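The structure appears right after this line, and notes come after that.
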Amino acid sequence: MPELPEVETTRKGVASLLTSRRLEAVDVRESRLRWPVTLPAELPGQVLLGLDRRAKYLLFRFQRGTLILHLGMSGSLRVLPAEAPYLKHDHVIFHFEGGRTLRFHDPRRFGSLHWQAGEPVAAGEHWLLAHLGPEPFDPAFDGRYLKSRARGRRVAVKNFLMDSRIVVGVGNIYANEALFLAGVRPSLPAGRVSRAGYDVLAGKIREVLGAAIDMGGTTLRDFVNQDGNPGYFKQVLNVYDRAGQACRVCGETLKGLRLGGRATVFCPKCQKAQGFRRA
DNA sequence: ACTGGCTCCTGAGGGC
DNA sequence: TGCCCTCAGGAGCCAG
């Protein structure tokens, strides 16, 4: 399940292999993704100018438009020689000049592909991207911002942080981890988290995402990096998937619950209602 | 304006 | 060994 670090790792890898290459053909082998895939006839023949990212969307900048790709839950991209055999669930194949192919592989088909015509910068106007909040590494994302957006909100702070209109790129794993490191209880209504709590939270979100990006992304079951090698954990996860086990800090048994339908784990001792551990 | 629940889908994992 | 059941999860959508 690609989280922001996996998407960023994929972006770097694919960009290094395909930037400045001309796309010769696109083979849509399965169009039933999250939304039906419809790509324009004008796409083949264009040169890939660069690869950007907004939230977990990858933005392939072509000469006359932008291809907007989301990996969904189980999606991955690989760059392979044209003659390499296709795998089951290789849904879209992009044939680039020089015999390289980009393959979008997505067993669960929660991923998506859209085309936004026009100058590359116009991709931000696409409806998928229009209402996204700031990137975690945007200077505008800080405790003051979070506190201002949280005023009056009764939704659990964990779900608040996972709302892409508030801040993008904070998936379930990192929401759990950041809340643990900040000492904030996930179920606390967003409006009741203190300004100090949000100051620490903003920093911890950047910390856990940044560390994972630096290491090339943590990985769970489905992630395959762009070279086709299985991913692996490098970052120690303190709470995610550890319900019932001992807190690494205090030894207390970690508790699991569901918030907004998502698996949530926290330490009852380290994560007090209002408080936060020293940064 | 918010909120919580639903939806898409396949493969992994547990129980027997 | 194999079958069946449950469930996970990003994020848009929608009803209340």
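Order of the sequence lines fixes the chain letters, A, B, ..., with proteins taken first and strands second; residue numbering starts at 1 for each chain. Just so we're clear, the structure is a prediction, and the values are computed from it rather than from any experiment. Heavy atoms only: backbone and side chains are in, while hydrogens, waters and symmetry mates are out.
If you take CZ of A:Arg32 and P of B:dT10, they are 8 Å apart, rounded to a whole angstrom. Going from atom NE2 of A:His70 over to atom C1' of B:dC8 covers 14 Å, rounded to whole Å. Atom P of nucleotide B:dT10 and atom NZ of A:Lys88 are separated by 9 Å, given to the nearest angstrom. Rounded to a whole Å, the CG atom of A:Leu33 is 15 Å from the P atom of B:dC8. Spacing between atom CG of A:Asn159 and atom P of B:dC6 amounts to 15 Å, rounded to whole angstrom units. Between the C1' atom of C:dA8 and the CD1 atom of A:Ile173 lies a distance of 11 Å, rounded to the nearest Å. One can place CE of A:Met162 at 8 Å from P of C:dA11, the figure rounded to the nearest angstrom. The CG atom of A:Leu87 sits 16 Å away from the P atom of B:dT10 (whole-angstrom rounding).
Here the straight-line distance linking atom CG of A:Leu179 with atom NZ of A:Lys204 works out to 12.0 Å at 0.5 Å rounding. Taken to the nearest 0.5 Å, the CG atom of A:Leu128 stands 10.0 Å off from the OG atom of A:Ser164.
The C1' atoms of five pairs define one axis at each end of the helix from B:dC2-C:dG16 to B:dC16-C:dG2, and these two axes lie 50° apart (to 10°).
In this structure, the side chain to side chain donor-acceptor pair (under 3.5 Å) partners of A:Arg11, at least two apart in sequence or on a different chain, are A:Glu8.
Ring stacking is absent between A:Phe110 and C:dA11, as the pair misses the limits of under 5.5 Å between centres and under 30 degrees between planes.
The aromatic rings of A:Phe62 and A:Phe96 lie parallel to each other, their planes meeting at an angle below 30°, with 60° marking the opposite boundary.
With C:dA8, C:dG10, B:dT3 as the choices, the nucleotide that has an atom nearest any side-chain atom of A:Tyr240 turns out to be C:dA8.
At least one donor-acceptor pair closer than 3.5 Å links the side chain of A:Asp106 to the backbone N or O of A:Gly111. With hydrogens and angles disregarded, no donor-acceptor distance shorter than 3.5 Å links the side chain of A:Arg192 to the backbone of A:Leu188.
Among A:Arg262, A:Glu177, A:Lys158, the one residue that satisfies the side chain to side chain donor-acceptor pair (under 3.5 Å) test with A:Asn172 is A:Lys158.
A centroid separation of 6.0 Å or more is found between the aromatic rings of A:Trp35 and A:Trp115.
Contact annotation: the side chain of A:Asp142 never approaches that of A:Asp199 to less than 4.5 Å [non-hydrogen atoms, C-beta and beyond]. Looking only at side-chain heavy atoms (C-beta outward), A:Phe160 and A:Ile166 come within less than 4.5 Å of each other. Contact of the A:Thr101 side chain with the A:Val79 side chain is not registered, since no non-hydrogen atoms from C-beta on lie closer than 4.5 Å.
If you check distances only, the side chain of A:Arg108 does reach the base of C:dA8 with a donor-acceptor pair under 3.5 Å.
Residues from residues 144-152 of chain A that place a heavy atom under 4.0 Å from any atom of DNA chain C: there are none.
Closest non-hydrogen pair, A:Ala140 versus A:Tyr145, comes out as O-CB, 3.4 Å. Looking at every heavy atom in both residues, A:Arg195 comes nearest to A:Arg144 through NE-N, 3.5 Å.
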Between protein and nucleotides 12-16 of chain C, what N or O pairs are separated by less than 3.5 Å?
unit_1 : atom_1 : unit_2  : atom_2 : d
C:dG12 : OP1    : A:Tyr57 : OH     : 2.8
C:dG12 : O4'    : A:Arg34 : NH2    : 3.0

What's touching nucleotides 3-7 of chain C from the protein side, N or O pairs under 3.5 Å?
none

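Among residues at least two apart or in separate chains, side-chain hydrogen bond (donor to acceptor under 3.5 Å, both in side chains) pairs with a member in residues 86-100 of chain A are A:Arg78-A:Asp90.
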